[in-house]
2 protein chains.
Amino acid sequence: MKKQLSLKEIKSCPVEYVLNINDTLNVISGKWKLPIIGSVLFGKKRFTDIQRNISKITPRMLSKELKELELNGVLIRTVYETTPVSVEYELSQSGKLITEVLDKMIEWGVEHRKSVLKKS
Amino acid sequence: MKKQLSLKEIKSCPVEYVLNINDTLNVISGKWKLPIIGSVLFGKKRFTDIQRNISKITPRMLSKELKELELNGVLIRTVYETTPVSVEYELSQSGKLITEVLDKMIEWGVEHRKSVLKKS
DNA sequence: TTTATCACTATACTTTAGTATATCACTATA
DNA sequence: TATAGTGATATACTAAAGTATAGTGATAAA
């Protein structure tokens with residue numbers, strides 16, 4: 001098994017640095033992951049709720065991405081044995097915390113745009 | 001021209017939220033952008049330096065990605081009229097600041113992995 | 001009886017991202 | 001004269017990501 005490195009060790013090793021960022025990047029990149037996270041950000045949602053929320057997503061993509069997000073521990077999937085079954089998706093504890101990363105991205109983006117506009 | 005929204009306005013509008021994160025995401029996603037940023041993180045680098053640094057990248061990809069990063073205002077390209085010409089790439093001011101986002105990503109990733117391991 | 005809802009899956013397709021390999025014009029060194 | 005280094009570009013390809021469209025089985029309402 002791979003040794004767990006400390007934050008300090010990761011940030012000081014270029015290879016680990018890139019690998020660890022990629023791990024996080026994989027959780028949020030692709031066309032639909034972010035909209036899905038956005039959709040469940042304010043509480044539990046069902047499959048069709050999310051689908052209605054993100055009008056252009058196909059069920060194939062939604063199903064695929066939900067599975068991946070669940071596998072990655074970002075979403076929690078709960079099945080209720082009603083008829084027909086209902087399934088609810090919600091953010092896990094660390095799924096909720098990813099907003100800290102997202103907010104940082106927005107902040108950088110806004111500042112970056114300012115500095116690009118200034119120069120042109 | 002599009003109105004510049006404040007941080008508050010962006011964070012409170014789901015559509016703007018996703019759009020703005022995507023802007024930042026586009027700067028760092030893809031197979032090679034992060035390794036390139038990593039390579040120039042500690043100072044100016046030339047085309048072949050970066051190529052040697054990232055041993056598996058093809059010149060086509062390196063050229064393509066450098067162009068995109070320059071266009072996005074993350075990298076600055078300087079041409080020196082030596083013979084043969086030499087070209088140096090370095091991070092712009094806000095290019096340097098993107099490390100704040102990257103560090104946040106590492107921090108979340110490390111905590112997230114901990115919480116996933118705990119549960120299994 | 002037809003239609004709709006639920007949460008999906010199957011198949012075939014297109015589009016985008018990335019790879020492989022060769023080449024450019026120039027110059028300096030062996 | 002042959003070879004290597006400079007910073008790339010051209011063409012053709014494969015692989016990955018995403019789209020389009022139809023269909024599943026159970027149930028319940030019109």
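Letters go in sequence order (proteins before strands), and every chain restarts at 1.
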Sole residue of B:V101, B:N20, B:D23 in side chain to side chain contact (heavy atoms under 4.5 Å, CB included) with A:I106: B:N20

Check residues 48-70 of chain B and write down every donor-acceptor pair under 3.5 Å in which the side-chain atom is one partner and the other belongs to a residue at least two apart or another chain.
unit_1: B:D49; atom_1: OD2; unit_2: B:R46; atom_2: N; d: 3.0
unit_1: B:N53; atom_1: OD1; unit_2: B:S39; atom_2: OG; d: 3.4
unit_1: B:T58; atom_1: OG1; unit_2: B:M61; atom_2: N; d: 3.4

Protein-nucleotide distance ([X], atom [atom1]; [N], atom [atom2]), rounded to Å:
X     : N      : atom1 : atom2 : result
B:I57 : D:dT9  : CD1   : P     : 13 Å
A:E65 : D:dT19 : CD    : P     : 10 Å
A:M61 : C:dT9  : CE    : C1'   : 13 Å
B:K64 : D:dT9  : NZ    : C1'   : 14 Å

B:Y80 near the nucleic acid: base, sugar-phosphate alone, or nothing, with a heavy-atom cut-off under 4.0 Å? nothing

Mind checking A:T82 for me? I need base, sugar-phosphate or nothing, with any heavy atom below 4.0 Å counting as a touch. nothing

Show the nearest heavy-atom pair for residues B:Y89 and B:R77, with the distance to one decimal. OH-NE, 3.1 Å

Which base sits across from C:dT1 as a Watson-Crick or G-U pair, both distances under 3.5 Å? D:dA30

Is there a Watson-Crick or G-U wobble partner for C:dA28 with both distances under 3.5 Å, and which nucleotide is it? D:dT3

Group every Ile, Leu, Val, Met, Phe, Trp and Tyr by side-chain heavy-atom contacts under 4.5 Å, then state whether B:L7 and A:V116 land in the same group. no

With a 4.5 Å cut-off on side-chain heavy-atom distances among I, L, V, M, F, W and Y, is there a chain of contacts connecting A:L75 to A:F42? yes

Using a 6.0 Å cut-off, check whether atom CD of A:E9 has over 12 heavy atoms from anything other than its own residue. yes

With rounding to the nearest 0.5 angstrom, report the CD1 to OG distance, B:I21 to A:S29. 13.0 Å

Which residues, if any, of residues 28-53 of chain B bring a heavy atom under 4.0 Å of DNA chain D? B:R46, B:F47, B:T48

Electrostatic pair A:E90-A:K45, nearest N-O below 4.0 angstrom: no

Close N or O pairs between protein and nucleotides 20-28 of chain D (under 3.5 Å):
none

